[in-house]
Enquirer: 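Questions regarding the structure given below will be posed in turn.
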Amino acid sequence: MHELPKHFDHTSAQLRCRELWDAGKLWHAEPQAGEEQAPQPVFSMVIPPPNVTGALHLGHALNNTLQDILVRTRRMQGFRTLWMPGTDHAGIATQAVVERRLLEEEKLSRHDLGREKLVERIWAWKEQYEARILGQLRELGASCDWDRTRFTLDERCATAVREAFYRLFQQGLVRRGKRLVNWDTFLQTAVSDDEVFHEEVKGHFWHIRYAVVDPQAGEPSHVTVATTRPETLLGDTAVAVHPDPAAAFAAVEAGLREKIAAASAKEKPQIEAELDAVAARRTEMLAGLERLAGMARAGRTVRLPLLGREIPLVADEWAKPEMGSGCVKITPAHDPNDYEVGLRQRLPMLNILNPDGTLNPEAGPYQGLTIRKAREKLVADLEEAGQLEAVEDRLIDLAHSDRSKTPIEPYLADQWFIRMAELAEPALAAVENGSVKIHPSRYAKSYLDWLGEKRDWPVGRQLWWGHRIPIWHVEGVAAADLEAAFAGRGDVAWAEADGEPADGSATRWFVCCKAEALGVEAIAGRPLERDPDVLDTWFSSALWPHSTLGWPEATAELATFYPTTTLITSRDIITLWVARMVIMGIFNTGHVPFADVAIHPKILDRYGETMSKSKGNGVDPLDVIESLGADALRFGMASMATETQDVRMPVEFACPACGQRIEQTTANRTKPRIECTKCGEPFRTQWAASDADLALPRGPAVSERFDSGRNFSNKLWNATRFVLMNLEGFEGGCVDAAAASADLPLEDAWLRSRLATVTTEVTAAIDAFRFADAARTLYAFAWDEYCSAYLELCKSRLADPATRASAQAMLITGLDTILRLLHPIMPFVTEELWQHLREAARSRRMPWDATDRDPDAAPAESVMVARWPAPPASWRDTQSEERFGTFLGVVGAIREIRARQNVPPKTVVTVVIKADDAKQTLLAPMLGAVATMAVAEVVDVGPQVQPPAMAAKVAAAGCEVAVDLAGLVDVEAELARVTKDREKLGGLIEGKRKKLSNESFVARAPAEVVAKEREQLAEMEERLASLVAMAADLRSRA
RNA sequence: GGGCGGCUAGCUCAGUUGGUUAGAGCGCUACGUUCACACCGUAGAGGUCACAGGUUCGAAUCCUGUGCCGCCCA
C-alpha cells in the first residue's frame, strides 16, 4: 500500500517538480517545421519583462501567475505553446538605482566615473538582479521557455531597435524639436510624466511690481504679478492680461450661478459668498484691467525688475481676471502653461538654467547660483528695490522626480520625437475593428483616447544606460559629400537637420545607421559626432513581441509564433506599452502583435494604498512561497483576479518565534523592530539598520489571503492520500465512458455529470480570462463535492468487495480529472500527487487519453503534459444531479436535527422518511450512504410512513425527514426551533401572498414566474402547517 | 477640470441578460480529535446591498443625482 505523509511538504515538492520539468524541458517549444503535415494550433505569449531594478513584488507574482495559468492550460490542450521570458533594462529606473548606490557607498557621481565605467557598473547590477528575477519566476512555477530568455538590451534586441529606428528615420518619422520637459537636476535628464509625483509643500506667494515703460496719462505706473517662483522672472518674456476682462468676469459669474442653482442648501451660502466676492472684484478692478488690455493691444511694454529688460504686455486668456491682480508673468521656457502662451503669442523662450540646476549667463548677476540661492538673493534685492509688494504663505503642489526625489524643473530642451500622426492610425483601427481585443472592454477607451491625440512620442533620454540613438551629427558638408562617403551602403541614411536653431553658419545633417558601428569618422574633413542620447526604454519594449522572436530576420520562430496570441498585463501601462507595441508591431511586421490583451487588477494594502518598498507595506512573494508554498500564492492570486475591483490585501507580520500574525498598520509598518503581541519576542523588519536590530530574526510580511490556498493544497494532498490507501486490488483500466447513467450508482452518475460540467465551466472561465471563477469553481467542487460528498460515500463501497472495484475506478477518475484541471493554478501539488498516483495506479486510463495514446502506455510522465480533460457530453445528466441533491438534502436534514438536539457524534439515530414513490426509489439504494454520512439508521421510506410518537421533523428536498427522539429529546430546543421557523416562514408567506394578490404582478409578469411563486407559496404553506402541528405535539409533551 | 472603477456580513470579495429566502473564504459561537485531512469535520449567528430620487408588477442589478475611496489623463 502506498501511504503518503499527513501533510503536503511544499518546499521539497517544489524542488522535485522543477527538476522534473527542467529535465524534460517540458516548457520548451520548437517552431513548426516547414514540412510538417498537419500544423498544430499555436499559442504564444511574451512576458511583460520585469525591470532589472530590483526583485519581483506581488504585482509581478499576480501577473505571472495568470500568464502561467493560461500557458499551462493551452499546453495541456495540445497547443504548440511558447511563453517567451525576459527582463527589461528599464533605462532611468535602473541607472538611478545604481547612481544612488554609487553616491551612498562610494560618494561618487556618474561624472566621476564616466560613461563607460558607469554602464559597466549597471551591467553588473543587471546580471545580479536578472538572475534573481528569473530565479523568482521559477520559484513561482512559471513555465516559460527558459532556453529563449531575452533582455531588452541584448544583441538581438539591439539589432531590432536599430533596424526599427532606421526605418522610422528613412520614412521621415523621426524629428528633432524643442520641448518643455520635466528636468531632473540631480540625474540631469528629462523624466517622463509618469515618473513624476506631486507633493504639497509650504511655500510663499510673492507679489512683484513691474514698472510700465513710459506710462501715459491715466495709465498705471506699474503692474503687479504674483508668483510662487520669483527666480523665474529672470526668464520672463511677457506679462499677460486677459483680452476681454468683462466677458471673463461674466463667464465666471454665470458659472457660479449655475452651481448655486444645482447646489444643496448647505453649500449655497458658500458659493453665494464666492459670487459676491467676484462681483466686488469686478466693480473694483474691471476698469483697470480693461485699460491694461487696451495697452496690450497697443503694444505697450513693461520693465523687468532687477534686470531692466523691456518685455511686452500681451493679451492672452491664460490671465485670469478673477485671480490675484489679474495679470500674470510669462516664463515660456520654465512653465508648461506659460510655454503654451509663448507659442500662441510667439514670444521668445528664454532658458535660464544649466542642466545641473544652476543659473546660466541669461540670469545676469545671478549666474552660477542654485535656484534656491538665487531665489533668496532675488527676493532680497526686490525688497531693497521696493518692488516687492506683498508675501503670502501658501501650500504649493510641487512636482518631484520619482527617481531622485528632488524637485522637477520644467526645462526647454532639444528632444528626439517619433511622429505619431500616421503611425497611430492603424493602431487605432486595430482596436476599433477588433483585431486587437482588450479585456475587460472598458479599457479600450483609455487606449483609444490616448492614441487619438496622436501626440508625438519623445524618445530621447539624456542617460547612459540604454540603446544609444543610432544618429550621428555632422555639419558644413554638402549632400554630395554624404553620398560619396556612404556610397553602396544600404545601412545608412541621412537628412538635413531640423529643429536646431539655424544660425546661418553651415548645413547640419543627421546621419542614421542601423549597423552597430558607422565606420566613418569624418566626411570632407568634418567630424561625425554620435548623438549622446539613449532611447526611451519603452522603445525597445515596443518591439518585444517580434524582436524576441528574431525580427528583422525571417526566423522560423517569427513565422510560427508571431503574431502572439495573448498579452496579460496591468492597466497602468496600456498606453505606455500596449499601444506602442501595436504601433511598432504593425510598422515593422505589418501585423498586430497579439490578438487579445487581458488586463488584471492592482494589488493594494488594507488601506487601499499601492504597495511599495518605500512605504514598507509590501509583501515579498518569496516570503509567501517559503511559508505557505507557491501553490498557495498562486491560488490566492488566481482567486483575487476578478474583473472589476482592485485587490485589497491586509498585510501581516509573521512572528518568527511563535508564528503569531501581527496586523501591519500605518503605525508599525515603518518600524525597524516589532515585538510579538503573543510571545513578546522581538523581530526585525526591512527597516532594521542598527546592529542590535539586524541580529534579530526577520519577521516576514505575509497575508492571510493565501491561507485558503495552503489549506486547499493540503486538502488535495489528503484526498489523494485517502485514494492511495484504498487502491489495493485496483485492476486499472478506464471507467466505462459509454455506460448509461441509469446503470450506475447514483453517486457515480452524479460525479460524472459534475466532472463534465465543471470541466466545461473551468475551461470557459480560463478562455475568458475569468481566472477567479476558475479557481473558485475548482475549490468548491474539489472540496465540497469530491471530498465532502463523493469520498465519504465511497467509504462504505470500498468496504464491500462487490462494489469496491467500481468505487476505485470512479474515485480515480475524479481525482485524476481534478489534478489536471487544477494543475495550471497549482502546478506543484498537482504534479507531486500526479507522480504518486502514476506509480500507484499505472494502469489507469481516462477516456480522453485513449484516443491518441498507446492503450498500454502509462499515464503522462508529468501532469504538465497530460491531456486537458474532455469528458463525453453524455456524462452530463441533470436528473442525476437533481436526485443527488435530494439525497444531500436528506443527509443535511438529519445532521441539522442531530446538532440541534446535541446528539453525541457516534450515537446512531433512527430515521423515517416520508417521500413519494419516485424519491423512495432513488433513496432506497442510498440508505447505506445516509447511514455513513449522517450516522443514522433509516428504518422506513415511503409515501405512507408514520413518524414515531416523539420525533423531530424537517422538510427537505420534498421529503419529510423525521428523527426518532425517544430517549434523546430536548423538547425546549425543539420548540424554540419550531417557533423561530414559524415566524420566519410566516413572514415569507405573507410577502408571497401579497405579491400574488397584486393583480398587476399576475397580469404582467411572465407566466412561469407567477407559477413558480405559486408553487413556492404552496410549499411554504404546507411546511407551516406541519410546523404548527409539530409545535402542538411538542407542547402536549412538555 | 475630464474619464474610468469601487462602495454588498467584523475583514477580503462573488452575485452572468432585473424575478434566490442575497452567497463564499477568513474571523466569530457551539459541539467533535485512533478510523484521508484540526492546514479538519458538523451545525449556527451575522447584511434596510453607501445615500436620495426615478423607471418597473418586481431593483443589489437599469436611469439620474449626491457623498466617500481609488486609478488614469490634463
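Values below: all heavy atoms of this structure, side chains included; hydrogens, waters and symmetry mates excluded. Convention: sequence-line order gives letters A, B, ...; per-chain numbering from 1.
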Enquirer: Donor-acceptor pair, distance only, cut-off 3.5 Å: does the side chain of A:Gln14 make one with the backbone of A:Ala630?
Expert: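 Yes, because the side chain of A:Gln14 sits within donor-acceptor range (under 3.5 Å) of the backbone of A:Ala630.
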Enquirer: Could you state the CG-P distance from A:Leu628 to B:rC39, rounded to the nearest angstrom?
Expert: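 One finds 13 Å between P of B:rC39 and CG of A:Leu628, rounded.
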Enquirer: Keeping the roles fixed (side chain from A:Tyr786, backbone from A:Leu811), state whether a donor-acceptor pair exists under 3.5 Å.
Expert: yes
Enquirer: I'd like the P distance from B:rA60 over to B:rA38, given in whole Å.
Expert: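 Looking at atom P only, B:rA38 and B:rA60 are 43 Å apart.
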Enquirer: When you compare B:rU12 with B:rG1, how far apart are their C1' atoms, in angstrom units rounded to a whole number?
Expert: 34 Å
Enquirer: Output yes when a side-chain donor or acceptor of A:Asp631 lies under 3.5 Å from a complementary backbone atom of A:Val829, and no otherwise.
Expert: yes
Enquirer: Does the A:Arg634 side chain pair with the main chain of A:Gly629, one donor and one acceptor, at a distance under 3.5 Å?
Expert: no
Enquirer: Do A:Arg705 and A:Met637 pass the side chain to side chain contact (heavy atoms under 4.5 Å, CB included) test, and can you show the C-alpha distance, the side-chain angles, and the key distance before you say yes or no?
Expert: CA-CA 9 Å; A:Arg705 300 201 63 188; A:Met637 287 300 177; over 6 Å; no
Enquirer: By nearest nucleotide on RNA chain B, pick out whichever of A:Asn718 and A:Asp572 is the more 5' one.
Expert: A:Asn718
Enquirer: Would you call the rings of A:Trp717 and A:His836 parallel, tilted or perpendicular, taking 30° and 60° as the class edges?
Expert: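 Judged by the thresholds at 30° and 60°, the geometry between A:Trp717 and A:His836 is perpendicular.
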Enquirer: Considering only the C1' atoms, how many Å lie between B:rU20 and B:rG58, rounded to the nearest integer?
Expert: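 Their C1' atoms lie roughly 14 Å apart.
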Enquirer: Can you tell me how far C1' in B:rC62 sits from the matching atom in B:rU16, rounded to whole Å?
Expert: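 Taking atom C1' in both B:rC62 and B:rU16, they lie 15 Å apart.
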Enquirer: Give me the distances for all protein-to-nucleotides 18-25 of chain B N/O pairs that come in under 3.5 Å?
Expert:
from: B:rU21; atom 1: OP1; to: A:Lys992; atom 2: NZ; distance (Å): 2.8
from: B:rU21; atom 1: O4; to: A:Arg1023; atom 2: NH1; distance (Å): 3.4

Enquirer: Which part of the nucleic acid does A:Leu791 contact within heavy-atom distance under 4.0 Å: base, sugar-phosphate only, or nothing?
Expert: base
Enquirer: For B:rA74, take OP1 and OP2 only and decide whether either is under 4.0 Å from a side-chain N or O of A:Arg455.
Expert: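 So the side-chain polar atoms of A:Arg455 do come within 4.0 Å of the phosphate oxygens OP1 or OP2 of B:rA74, strictly under.
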Enquirer: Could you give the distance separating B:rU61 and B:rA30 at their P atoms, to the nearest angstrom?
Expert: 38 Å
Enquirer: For B:rG44 and B:rA52, measure between their P atoms and round to the nearest Å.
Expert: 33 Å
Enquirer: Using a 4.0 Å heavy-atom cut-off to protein, can you give one letter per nucleotide of nucleotides 40-46 of chain B, 5' to 3': B if the base is in contact, S if only the sugar-phosphate is, - if neither?
Expert: SSSS-S-
Enquirer: Both A:Lys795 and A:Pro650 contact RNA chain B. Which one's nearest nucleotide lies toward the 5' end?
Expert: A:Pro650
Enquirer: Using salt bridge (charged side-chain N to carboxylate O under 4.0 Å, His left out) as the criterion, list what pairs up with A:Arg804, not counting sequence neighbours.
Expert: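 Partners of A:Arg804 under the salt bridge (charged side-chain N to carboxylate O under 4.0 Å, His left out) test: none.
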Enquirer: Which residue pairs pass the side chain to side chain donor-acceptor pair (under 3.5 Å) test with at least one member in residues 762-780 of chain A, sequence neighbours excluded?
Expert: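 Those involving residues 762-780 of chain A are A:Arg74-A:Asp767, A:Thr763-A:Trp868, A:Arg770-A:Asp773.
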Enquirer: Indicate, with a heavy-atom threshold strictly under 4.0 Å, whether A:Arg571 touches base, sugar-phosphate, or nothing.
Expert: sugar-phosphate
Enquirer: With centres under 5.5 Å and planes under 30° as the test, does A:His7 stack with B:rC37?
Expert: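 No, aromatic ring not over the base.
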Enquirer: Charged N to carboxylate O under 4.0 angstrom, A:Glu704 versus A:Arg661?
Expert: no
Enquirer: Is there a donor-acceptor contact under 3.5 Å from the side chain of A:Ser446 to the main chain of A:Tyr443?
Expert: yes
Enquirer: Work out how far the C1' atom of B:rC37 is from that of B:rG19, and round it to whole angstrom.
Expert: 41 Å
Enquirer: Please work out if A:Lys445 contacts a base, only the sugar-phosphate, or nothing of the nucleic acid, heavy-atom cut-off 4.0 Å.
Expert: sugar-phosphate
Enquirer: Would you say A:Glu1021 has more than 12 foreign heavy atoms packed within less than 6.0 Å of its CD?
Expert: yes
Enquirer: Taking salt bridge (charged side-chain N to carboxylate O under 4.0 Å, His left out) as the definition, give me every residue that meets it alongside A:Glu317, ordered by chain and number, with sequence neighbours left out.
Expert: none
Enquirer: Does RNA chain B take part in any stems of at least 3 consecutive Watson-Crick or G-U pairs (both distances under 3.5 Å), and if so, which ones?
Expert: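 When the pairs of RNA chain B are grouped into runs of at least three, the stems are B:1-7 with B:67-73, B:10-13 with B:23-26, B:28-32 with B:40-44, B:50-54 with B:62-66.
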